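Below you'll find the structure, written out as structure tokens, and then a few comments.
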Amino acid sequence: MKIRVDPDRCQGHARCFGLAPELFEIDDYGLSTVVGDGRVPPELEERARLAIANCPEYAIDDCS
Ligand code: F3S
């Protein structure tokens, strides 16, 4: 699984980081980016799906 954050959609709600801090970073403007190249280890896939489902802006995609 691989994820990405659409920078045009992200509004800085930070739910992604709250749910999966191993997978997301919040920058100085409060916006999210994926850690590394966005690849999700199998043990974190469920939390990646939770983050996708909980972003109010639908800014996170599974781009596997
Ligand atoms: Fe942005 Fe959604 Fe996370 S708006 S900070 S990607 S919860």
Side-chain angles (χ1 to χ4, degrees):
M1 184 180 188
K2 191 172 179 185
I3 56 174
R4 68 182 169 201
V5 175
D6 182 342
D8 294 329
R9 285 181 174 259
C10 177
Q11 297 292 319
H13 294 286
R15 290 191 197 175
C16 51
F17 183 76
L19 288 163
E22 301 90 342
L23 299 175
F24 299 94
E25 295 171 333
I26 301 296
D27 70 14
D28 292 344
Y29 302 98
L31 303 179
S32 175
T33 53
V34 294
V35 170
D37 65 359
R39 272 178 228 276
V40 179
E43 66 271 20
L44 293 177
E45 285 190 358
E46 187 162 340
R47 282 205 278 140
R49 289 193 192 92
L50 262 181
I52 290 169
N54 279 276
C55 174
E57 308 296 336
Y58 306 103
I60 309 164
D61 286 326
D62 177 353
C63 58
S64 305

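Atoms within each ligand, like the ligands themselves, are counted from 1 in listed order. Keep in mind the model is a prediction, meaning the values are calculated, not measured.
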>> Apply side chain to side chain contact (heavy atoms under 4.5 Å, CB included) to residues Phe24 and Thr33 and explain how you reach the verdict.
In response: CA-CA 6 Å; Phe24 299 94; Thr33 53; over 6 Å; no
>> Among all protein heavy atoms in this structure, tell me which lies nearest to atom 2 (Fe) of ligand 1, with the distance rounded to 0.1 Å.
In response: Cys55 SG, 2.3 Å
> With atoms numbered from 1 as shown, which atoms in ligand 1 lie under 4.0 angstrom from a non-hydrogen atom of Glu57?
Replying inline: 4 (S)
> Atoms of ligand 1 less than 4.0 Å from Ile60 heavy atoms?
Replying inline: 6 (S)
> Against heavy atoms of Ser32, which atoms of ligand 1 measure under 4.0 Å?
Replying inline: 3 (Fe), 5 (S)
> Which bit of Leu31 is near ligand 1, meaning a heavy atom under 4.0 Å away: side chain, backbone, both or neither?
Replying inline: neither
> For atom 4 (S) of ligand 1, what's the nearest protein heavy atom and its distance?
Replying inline: Gln11 N, 3.3 Å
>> Could you identify the single nearest non-hydrogen protein atom to atom 1 (Fe) of ligand 1 and state the distance to 0.1 Å?
In response: Cys10 SG, 2.4 Å
> Does CD belonging to Glu22 count more than 12 external heavy atoms closer than 6.0 Å?
Replying inline: yes
>> Residue-level breakdown please: for Ala14 versus ligand 1, do any non-hydrogen atoms fall below 4.0 Å on the side chain, on the backbone, on both, or on neither?
In response: backbone
> Of the backbone and side-chain N, O or S atoms of His13, does one lie nearer to atom 3 (Fe) of ligand 1 than 2.8 Å?
Replying inline: no
>> Tell me the protein heavy atom at minimum distance from atom 3 (Fe) of ligand 1, and give that distance in Å.
In response: Cys16 SG, 2.4 Å
